[in-house]
Asker: 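Here you go, one structure.
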2 protein chains.
Amino acid sequence: MPPKSDLSLLNCSLARALSCVGDGWTLLIIRDAFFGLSRFSDFQKSSGVARNILARRLEALIAAGILRREGSDTRPLYRLTEKGRALLPALVALMQWGDRWESNDCPPVAVTDAEGGVVAPVRVETSAGEAVTAETVRFAAGPGADPRTAAFLARR
Amino acid sequence: MPPKSDLSLLNCSLARALSCVGDGWTLLIIRDAFFGLSRFSDFQKSSGVARNILARRLEALIAAGILRREGSDTRPLYRLTEKGRALLPALVALMQWGDRWESNDCPPVAVTDAEGGVVAPVRVETSAGEAVTAETVRFAAGPGADPRTAAFLARR
DNA sequence: TTGGAATAGTTTCATTATGCAACCAAATCA
DNA sequence: TGATTTGGTTGCATAATGAAACTATTCCAA
């Protein structure tokens, strides 16, 4: 990853998102938190990340407001905040892409709702419910665009 | 990022997905490809990534089948393959998360379809159309689960 | 109450990746 | 023909990572 300051200064939500979770281990830790893990050693065993790296990632995730430290100070629980839970669509979309393109359509993990109803492929659609594909998607300057971003997107 | 070999060996589609795109710059390059950029120097200017790093990332993305090299050998175009285009839902989901949680709900980039219809927030739903949230989502062993993964998921 | 194991880290150090700048070669422009 | 643009590569200093050893509490059990 680039130095965090650079990326988060770029006027792009994706860059800002990646400055929080754009690291190989971070999304795996968040996935484990969705799986229900909450202890340091469980995260460590599940993902195999080195302990010192895990400590730093947890610290960064707490600083970013994605995890919250709960319980005893010496043996804390790490739990997803609302901001962390809001990553579910991105996480599931990435898992599905991995299922389809890197696991031969043979998912190691099945995602369902509480009743066991299997999730459908995550899609992009308009508020009118029309599917948006790579062929039809368009990007334009949004309300938060700075002049440079606006100029760049207008040129396309 | 962890060494690519480790992550891609983990029996997890997310880990495998991240071994392709789980690097700070890679998704930005893919975003730029969705924006329509296709030249080395355009990617470089847009994201600000160092030229040597960009060269390596492009090579890795081609090796992963996400980009394809087209046109002249000395001045190639880099274009998304079908596999690359399939990343749209994950990309949009991450952008929307960044919009909501890191850009004060003021998106620098607006995503629309070809007619300008604004995209809705990407959601996870069952094939029956029921919304799946962080509170209701469940993870179970899938058809591709190895014994270790299955045991882990069963314990939860 | 004392010894052992588990938890949650921190520290150290070798290896690897990154970022910058300079350099190079082919193609294009003037 | 000479200058500029494009698409890289190379070398080097700096930063991040990974493995292993170490520390400090806490928990458990005899």
Side-chain angles (χ1 to χ4, degrees), chain A residues 1-10 15 18-30 32-33 36-64 67-79 152 155, chain B residues 1-10 15 18-30 32-33 36-64 67-79 152 155:
Chain A
M1 249 227 310
K4 177 163 295 195
S5 49
D6 291 8
L7 251 191
S8 43
L9 286 174
L10 288 179
L18 292 174
S19 83
C20 297
V21 301
D23 153 85
W25 292 119
T26 300
L27 275 177
L28 289 180
I29 294 168
I30 293 170
D32 284 340
L37 302 190
S38 58
R39 316 224 72 125
F40 186 91
S41 58
D42 288 335
F43 288 119
Q44 202 277 316
K45 271 176 282 190
S46 169
S47 64
V49 60
R51 309 169 70 74
N52 49 351
I53 305 300
L54 176 58
R56 256 191 292 179
R57 290 290 174 277
L58 290 173
E59 196 183 0
L61 284 168
I62 288 165
L67 291 181
R68 188 185 7 250
R69 222 181 141 106
E70 287 178 6
S72 115
D73 211 43
T74 59
R75 195 176 295 186
L77 299 174
Y78 297 96
R79 297 222 180 268
F152 168 74
R155 248 187 296 115
Chain B
M1 250 229 307
K4 178 163 295 196
S5 50
D6 289 9
L7 251 192
S8 43
L9 285 175
L10 287 181
L18 292 174
S19 82
C20 297
V21 300
D23 153 85
W25 292 119
T26 301
L27 275 177
L28 289 179
I29 294 168
I30 293 170
D32 285 340
L37 302 190
S38 59
R39 314 225 72 124
F40 187 92
S41 58
D42 289 335
F43 289 119
Q44 203 277 316
K45 271 177 282 189
S46 168
S47 64
V49 60
R51 308 167 70 75
N52 51 350
I53 305 299
L54 176 58
R56 256 191 292 178
R57 291 289 174 278
L58 290 173
E59 194 182 1
L61 284 168
I62 288 164
L67 291 181
R68 187 185 7 249
R69 223 181 140 107
E70 288 177 7
S72 115
D73 212 43
T74 60
R75 195 177 292 188
L77 300 173
Y78 297 96
R79 298 222 180 267
F152 168 74
R155 249 187 296 114

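All values reported here derive from a predicted model rather than from experimental measurement. Here is how names work: the chains are called A, B, and so on, in the same order as the sequence lines, proteins then strands, and each is numbered from 1.
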Asker: Pull out every protein N or O sitting under 3.5 Å from an N or O of nucleotides 6-12 of chain C, one pair per line with the distance.
Answerer:
{"residue": "C:dA8", "atom": "OP1", "partner": "A:R39", "partner atom": "NE", "Å": "2.9"}
{"residue": "C:dA8", "atom": "OP1", "partner": "A:R39", "partner atom": "NH2", "Å": "3.2"}
{"residue": "C:dA8", "atom": "OP2", "partner": "A:S41", "partner atom": "N", "Å": "3.3"}
{"residue": "C:dA8", "atom": "OP2", "partner": "A:S41", "partner atom": "OG", "Å": "3.3"}
{"residue": "C:dA8", "atom": "N7", "partner": "A:R51", "partner atom": "NH2", "Å": "2.9"}
{"residue": "C:dG9", "atom": "OP2", "partner": "A:Y78", "partner atom": "OH", "Å": "2.5"}
{"residue": "C:dG9", "atom": "N7", "partner": "A:R51", "partner atom": "NE", "Å": "3.0"}
{"residue": "C:dG9", "atom": "N7", "partner": "A:R51", "partner atom": "NH2", "Å": "2.9"}
{"residue": "C:dG9", "atom": "O6", "partner": "A:R51", "partner atom": "NE", "Å": "3.4"}

Asker: Please determine whether a side-chain nitrogen or oxygen atom of A:W25 lies at a distance below 4.0 Å from atom OP1 or OP2 of D:dG18.
Answerer: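 Yes, within the criterion.
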Asker: Would you compute the distance between atom CG of B:L37 and atom OH of B:Y78 and round it to the nearest 0.5 angstrom?
Answerer: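 One finds 13.5 Å between CG of B:L37 and OH of B:Y78.
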Asker: Supply the atom-to-atom distance B:L61 CG to B:R68 CZ, rounded to the nearest 0.5 angstrom.
Answerer: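 B:L61 CG to B:R68 CZ: 13.5 Å, rounded to 0.5 Å.
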Asker: For A:I29 and D:dT17, what is the distance between atoms CD1 and P respectively, to the nearest whole Å?
Answerer: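 Those two atoms, CD1 and P, are 11 Å apart.
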Asker: Between B:F43 (CZ) and D:dG8 (P), how many Å, whole number?
Answerer: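 Rounded to whole Å, this separation is 11 Å.
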Asker: Output the rounded distance in Å from CD (B:Q44) to P (C:dA21).
Answerer: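 The answer, rounded to whole Å, is 12 Å.
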Asker: How close or far is atom C1' of C:dT18 from atom CZ of B:R57, stated in whole angstroms?
Answerer: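 Whole-Å distance recorded here is 9 Å.
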Asker: Quickly work out the A:L28 CG to D:dG18 P distance and round it to whole Å.
Answerer: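 Taking atom P of D:dG18 as the reference, CG of A:L28 is at 12 Å.
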Asker: Taking A:E70 for its side chain and A:P76 for its backbone only, find out whether a donor-acceptor pair lies under 3.5 Å.
Answerer: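 Such a contact is absent between A:E70 side chain and A:P76 backbone.
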Asker: So, for A:V21 and A:T26, which heavy atoms are closest and what is the spacing to 0.1 Å?
Answerer: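 The answer is CA-CG2, 3.8 Å.
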Asker: Indicate yes or no for a side-chain donor-acceptor contact from A:S47 to the backbone of A:F43 under 3.5 Å, with no hydrogens or angles considered.
Answerer: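 Answer holds: yes.
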Asker: Does A:R51 use its side chain to pair, donor to acceptor, with the backbone of A:F40 at less than 3.5 Å?
Answerer: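 Between the backbone of A:F40 and the side chain of A:R51 there is no qualifying donor-acceptor contact (under 3.5 Å).
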